Amino acid sequence: MSPVRPRNSFAYLAAVLIVGITVVPILFVVVGGFRTTAQINAAPSALPDPWVLDNYTFILSSPNFWRFLGNSALIAVVATVLAVGLGSMAAFALSRYTFRGRETVYGLFTLGLLFPLGVASLPLYLLLRQLGMLENPFGVAIPEAAFSLAITIVILRPFMHSIPAEVEEAAVLDGTSRLGFFWRILLPLSVPALTTVTVLAFVTSWNAYQLPFLVFNESQNFTLPLGVTAFQAQYTQDTARIFAFTALSMLPALGFFVLAERRIVGGLTGSVKG
Amino acid sequence: MMREVATSARDEPVAVTAGPVRAAVARTARRPGSTRKRLELVLLLGPALLLFVGFVLVPIGVAGYYSVYDWTGFGSLQKFVGLDNYVQALTGKVFQQAVTHNLIIVALSLVIQLPLSVGMALLLNRRLRGRALLRLVVFAPYVLAEATSAVIWLLLLQPKGFVDTSLRSVGLGGLVHQWLADPDIVLYTLFVVITWKYIGFGIILLLAGLQGIPPELREAAALDGAGAWQATRHVLLPLLGPTIRVWIFLSVIGSLQLFEVVWIMTLGGPANASTTMATYLIDHGFKRYEFGYGSAVAVILFVICFVFALLYQRFALRRDTEGAMTRLAG
């Protein structure tokens with residue numbers, strides 16, 4: 001046992017170090033929101049003295065914050081429903097039908113894994129402009145859904161493929177059509193994988209910056225990430241409010257993450273592992 | 001997961017075009033006939049294919065078309081310039097700088113982030129108390145939006161801000177720099193921010209890989225007289241190979257497309273000292289309305305990523321995930 005102990009204490013030391021480096025910047029912003037700008041200017045890394053709630057109440061009572069939040073939520077929900085809905089239909093066809101060209105179609109979708117939306121953002125912007133979809137939440141949600149299809153199908157297909165053929169045969173014997181089997185049996189059985197792809201699509205859309213930045217010019221259409229940067233640029237003299245705004249904008253993502261951590265981590269590691 | 005797909009795919013004949021459906025080969029040779037099956041396939045695959053082709057493939061193709069024109073986005077495409085936009089980008093000093101910056105970030109990630117992630121993952125793979133909480137905390141920055149992370153670090157790095165005063169208070173005041181305003185330093189400052197944001201992902205990925213390695217292997221190595229370091233070097237690391245290769249792939253693709261953190265924190269400045277290909281693309285293509293030229297830059301960025309992905313799939317990932325990519329490309 002004795003040679004193990006010092007190594008473990010080294011591990012604990014490393015753990016504490018990582019936690020510190022990870023958490024301190026986040027805490028700094030949250031705690032900074034409870035200070036006044038004068039306090040922050042006088043001593044940048046001190047604790048609040050006294051603690052003030054003004055910054056947070058100011059942000060929470062400003063219509064802009066809620067508008068950004070609502071815009072983000074609408075876009076993320078539309079993108080997620082589209083990606084998961086259409087993706088699960090495609091994954092069903094690609095996993096439980098046999099037809100010529102199946103692997104080619106699958107290969108086409110996996111191409112999407114190689115390119116995050118960033119590569120195509122300018123061409124997408126030009127396309128959306130052509131379609132008259134600038135300043136339109138769907139102009140962001142639909143391309144985001146399209147780019148989420150790849151990971152959705154790559155995760156769902158093997159999962160659906162692994163559900164035994166006997167289950168399907170039993171359903172067929174009971175007179176269920178193939179689409180009925182998909183809707184009533186396969187989808188409910190796929191809930192674990194569906195949760196993973198839902199979380200991934202939602203978080204990707206929620207955090208997106210580049211496409212919304214190109215598509216939205218009017219601040220009433222901004223999503224939360226755009227709002228944070230715009231607020232930061234606009235209130236340069238009022239540091240405390242920037243802290244509060246940034247802290248509040250982190251909350252939904254962090255809360256969502258704490259609730260769905262296993263799914264996010266499991267989904268990411270599972271989807272990229274061999 | 002992918003391996004399973006690949007093996008199952010190998011049994012099937014690989015068709016080149018999506019031709020008419022052959023009902024005869026259907027796994028459950030059902031009677032309703034091929035027409036119905038074809039209809040179902042169209043219904044199931046059609047919408048996803050339409051969405052994917054329309055908003056992923058078409059934009060990239062259209063960029064190729066725009067890229068041979070001198071176009072400011074207004075009026076019709078009239079000034080055909082051939083490959084001039086490409087020549088201008090590839091020979092331009094600022095774009096070359098941008099490519100260099102991307103390559104520096106790629107290299108720094110491989111040399112610094114990778115060993116750091118592997119080391120941390122090996123340490124955290126022990127039975128520590130509170131490991132679940134640790135995983136949660138380490139992963140948190142990855143979940144934050146890039147924009148939020150960038151703003152957090154803008155606040156931390158302000159002159160005489162948190163980072164500066166903290167360094168001074170522990171007697172390291174000599175290290176204080178103009179983190180974002182000094183052209184010699186700014187790229188490395190941004191690299192630290194990127195590392196903060198993404199290292200948790202690497203650690204979690206590698207931890208998952210480590211947990212897939214049966215403990216018996218380590219024990220067997222110990223029985224054969226291998227020390228802790230030898231067991232790690234010759235047993236764990238080779239078995240971690242597939243995970244590491246996936247991490248490298250994701251890291252390089254991410255570094256080549258680096259945008260948000262740079263754009264929000266420095267806009268590629270000062271004096272282009274932190275420009276990346278993606279910020280250059282948005283700066284010219286979007287801010288300055290050089291849509292033809294910007295499209296050419298987008299195509300270049302796309303080709304660089306695509307060629308890397310293809311080569312990497314073929315030569316490094318092949319053993320691990322014989323993905324559809326390799327087959328599609330021949």
Side-chain angles (χ1 to χ4, degrees), chain A residues 8 11 14-15 18-19 22-23 25 28-29 44-45 86-87 89-90 92-93 97-101 103-104 106-107 109-110 112 114-116 118-120 122-124 126-127 142-143 145-147 149 158 178-179 207 209-210 214 225 228-229 232 246 249-250 253 257 261 265 269-270 272 274, chain B residues 1-5 9 14-15 18-19 21 25-27 41 44-45 47-48 51-52 55-56 59-60 62-63 123 126 128 134 136-138 141 143-148 151-152 156 161-162 165-166 204-205 208 242 246 257 259-260 264 278 281 285-286 294 298 301-302 309 320-321 324 328:
Chain A
N8 252 3
I18 302 174
V19 170
T22 310
V23 170
F28 169 70
V29 172
S45 25
L86 303 185
M89 280 157 60
F92 172 57
Y97 282 73
T98 315
F99 58 96
R100 271 175 68 177
E103 296 313 310
T104 310
Y106 181 64
F109 281 120
T110 60
L114 305 178
F115 311 107
V119 172
L122 182 73
L124 265 174
L126 295 172
L127 178 75
I142 292 173
F147 273 84
L149 274 178
R178 242 178 165 180
L179 295 183
N207 287 341
Y209 178 82
Q210 199 170 350
L214 299 182
V228 171
T229 51
Q232 183 268 334
T246 310
S249 78
M250 289 192 289
F257 169 59
E261 185 245 357
V265 173
T269 52
V272 291
Chain B
M1 272 175 157
M2 279 177 149
R3 195 180 296 142
E4 187 196 344
V5 174
V14 178
V21 178
V25 261
R27 191 166 33 150
L41 278 173
L44 290 167
L45 272 177
L51 190 67
F52 188 78
F55 288 93
V56 179
I60 294 171
V62 168
L123 277 174
R126 297 157 195 278
L128 299 179
L134 199 66
L136 195 76
V137 167
V138 163
V143 188
L144 293 182
E146 274 85 0
T148 311
V151 171
I152 291 176
L156 286 166
F162 179 79
T165 48
S166 301
I204 296 289
L205 193 69
V246 167
Q257 304 183 357
F259 174 74
E260 276 91 352
I264 294 165
L281 162 66
F286 180 69
L301 178 56
F302 174 81
D320 313 323
T321 58
L328 199 72

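Naming convention: chains lettered A, B, ... in sequence-line order (proteins, then strands); numbering from 1 in each chain. Everything numeric in this text was worked out from a predicted model, so none of it was measured.
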In terms of heavy-atom pairs under 4.5 Å with chain B, which of A/P25, A/A145, A/S249, A/G112 leads? A/P25
My understanding is that only residues two or more places apart in sequence, or in another chain, count here; which of them pass ring pair (Phe, Tyr, Trp, His ring centres under 6.0 Å) with B/F302? A/F115, B/F306
Among B/L134, B/L136, B/T148, the residue with the most heavy-atom pairs under 4.5 Å to chain A is B/L136
Measure distances from B/L156 to the heavy atoms of chain A and classify the residue's part below 4.5 Å as side chain, backbone, both or neither. both
Considering all heavy atoms of both residues, which atom of B/V151 and which atom of A/T229 are nearest to each other, and what is their separation? CG2-CG2, 3.9 Å
Residue part contacting chain B, namely of A/Q232, when any heavy atom lies under 4.5 Å: side chain
Less than 4.5 Å to any heavy atom of chain B: does that hold for the side chain of A/L124, its backbone, both, or neither? both
So which of A/T246, A/V228, A/L126, A/L127 has the largest heavy-atom pair count under 4.5 angstrom toward chain B? A/L126
Heavy-atom contact with chain B under 4.5 Å, split by part of A/V19: both
A/N207 side chain to B/E146 main-chain N or O, any donor-acceptor pair under 3.5 Å? no
Quick one: what part of B/V62 sits under 4.5 Å from any heavy atom of chain A, side chain, backbone, both or neither? neither
Measuring heavy-atom distances to chain B, does A/L214 have an atom under 4.5 Å in its side chain, in its backbone, in both, or in neither? both
Between B/F286 and A/L122, what is the shortest heavy-atom contact and its length? N-CD1, 4.1 Å
Shortest non-hydrogen separation from B/E260 to A/Q210 and the atoms involved: OE2-N, 3.5 Å
Could you check if a side-chain atom of A/Y97 sits within less than 4.5 angstrom of a side-chain atom of B/L45, using non-hydrogen atoms only? no
Which one wins on heavy-atom pair count under 4.5 Å against chain B: A/A14, A/A120, A/G87, A/P143? A/P143
Results of ring pair (Phe, Tyr, Trp, His ring centres under 6.0 Å) for A/F109 - residues two or more places apart only: B/F52
Kindly compute the distance separating CZ (A/R178) from CG (B/L44), expressed to the nearest 0.5 Å. 9.5 Å
Top residue by heavy-atom pair count (under 4.5 Å) with chain A, among B/L301, B/I60, B/L144? B/L144
Check each atom of A/F147 against the heavy atoms of chain B and say whether the ones under 4.5 Å are side chain, backbone, both or neither. both
Structural part of A/F28 lying under 4.5 Å from a heavy atom of chain B: side chain
